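Report on the structure given below.
Sequential numbering from 1 along the given sequence is applied to the chain's residues. Values in this document were obtained by computation on a predicted structure and should not be read as measured data.
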Amino acid sequence: MTPAADTKRFTSFAEFYPYYLEEHRNPICRRLHFVGTTLGSLCLLIAILTWSGGWLLTGLLIGYAFAWVGHFFFEKNRPATFKYPIYSFMGDYVMYKDIWTGKVKLS
């Protein structure tokens with residue numbers, strides 16, 4: 001995390017998202033986010049279909065585990081989740097969509 005962003009308060013998601021992408025420059029980190037978001041979303045779908053809170057918890061744990069491994073071991077930064085939890089969660093899904101549409105590369 002850059003020192004300026006550490007103290008900055010974002011007033012909108014549109015302002016936050018470029019910072020979010022900057023914190024995800026490492027392709028392995030992006031790949032791990034993609035896998036975690038995919039598996040976490042599948043668990044969420046199962047939770048909805050079965051009305052099981054256990055699947056919801058499993059999805060959150062899987063999603064964050066993949067993302068945090070990417071940050072701590074490959075990106076070497078602190079996940080934005082700790083400071084901007086809502087924007088960070090939104091950023092995961094916007095980046096996920098951007099990967100599917102080719103705006104963000106996995107390589």
Side-chain angles (χ1 to χ4, degrees):
M1 185 178 300
T2 60
D6 213 13
T7 58
K8 182 168 177 55
R9 291 281 171 222
F10 297 101
T11 58
S12 70
F13 179 74
E15 186 180 319
F16 171 81
Y17 190 58
Y19 160 74
Y20 180 87
L21 290 176
E22 185 68 21
E23 295 292 296
H24 296 84
R25 291 175 299 217
N26 185 288
I28 296 172
C29 182
R30 288 193 303 270
R31 289 180 200 137
L32 287 167
H33 272 68
F34 186 82
V35 170
T37 301
T38 300
L39 294 175
S41 296
L42 288 173
C43 290
L44 175 62
L45 178 62
I46 293 169
I48 291 168
L49 294 175
T50 64
W51 287 94
S52 170
W55 279 106
L56 179 62
L57 179 59
T58 300
L60 288 171
L61 290 173
I62 288 172
Y64 282 114
F66 275 88
W68 290 356
V69 165
H71 283 285
F72 292 127
F73 294 103
F74 298 98
E75 198 71 62
K76 308 262 194 256
N77 64 15
R78 189 171 164 220
T81 303
F82 297 131
K83 193 149 185 132
Y84 308 102
I86 303 297
Y87 282 166
S88 177
F89 190 78
M90 292 167 60
D92 285 341
Y93 278 95
V94 173
M95 185 171 74
Y96 187 75
K97 183 241 344 151
D98 286 347
I99 289 169
W100 274 111
T101 60
K103 285 176 69 178
V104 171
K105 303 294 182 203
L106 287 177
S107 56

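- I48 is not connected to W55 by any chain of hydrophobic side-chain contacts under 4.5 Å among Ile, Leu, Val, Met, Phe, Trp and Tyr, and they are in different clusters.
- With a 4.5 Å cut-off on side-chain heavy atoms, F66 and T37 do not count as touching.
- Cluster annotation: I28 is connected to V35 through the hydrophobic network of ILVMFWY side chains, with a link wherever side-chain heavy atoms come within less than 4.5 Å.
- Classified by interplanar angle (parallel below 30°, tilted 30° to 60°, perpendicular above 60°), the ring pair H33/H24 is perpendicular.
- By the 4.5 Å heavy-atom criterion applied to side chains, F73 and C29 are not counted as neighbours.
- Of the inter-residue distances, the one linking M95 atom CE with K103 atom NZ reads 13.0 Å to the nearest 0.5 angstrom.
- Atom OH of Y17 is surrounded by more than 12 heavy atoms from other residues, nucleotides or ligands within 6.0 Å.
- How far NZ of K105 is from CG of D98: 10.5 Å, rounded to the nearest 0.5 Å.
- No close placement of the Y87 and F10 rings is indicated, their centers lying 6.0 Å or farther apart.
- F16 and A80 get closest at one heavy-atom pair: CZ-CB, 4.1 Å.
- In the hydrophobic cluster analysis, where Ile, Leu, Val, Met, Phe, Trp and Tyr join through side-chain heavy atoms closer than 4.5 angstrom, W100 is grouped together with V104.
- Judged by distance alone, with hydrogens and angles left aside, the side-chain atoms of N77 form a donor-acceptor pair with the main-chain N or O of E23 at under 3.5 Å.
- A distance of 12.0 Å separates CG in L56 from CG in L45, rounded to the nearest 0.5 Å.
- Every residue two or more places apart in sequence or in another chain that forms a side chain to side chain contact (heavy atoms under 4.5 Å, CB included) with L106 is listed here: R30, R31, F34, I99.
- I62 and L32 fall within the same hydrophobic cluster, where Ile, Leu, Val, Met, Phe, Trp and Tyr residues are linked whenever their side-chain heavy atoms come under 4.5 Å apart, directly or through other members.
- Distance alone, capped at 3.5 Å, is enough to place a donor-acceptor pair between the E75 side chain and the N26 backbone.
- Here T58 contributes atom OG1 and L44 contributes atom CG; the two are 11.5 Å apart, rounded to the nearest 0.5 Å.
- For F74, the ring pair (Phe, Tyr, Trp, His ring centres under 6.0 Å) criterion is met by no residue, not counting sequence neighbours.
- Y64 meets the side-chain hydrogen bond (donor to acceptor under 3.5 Å, both in side chains) test with no other residue; sequence neighbours excluded.
- Cluster annotation: Y20 is connected to I86 through the hydrophobic network of ILVMFWY side chains, with a link wherever side-chain heavy atoms come within less than 4.5 Å.
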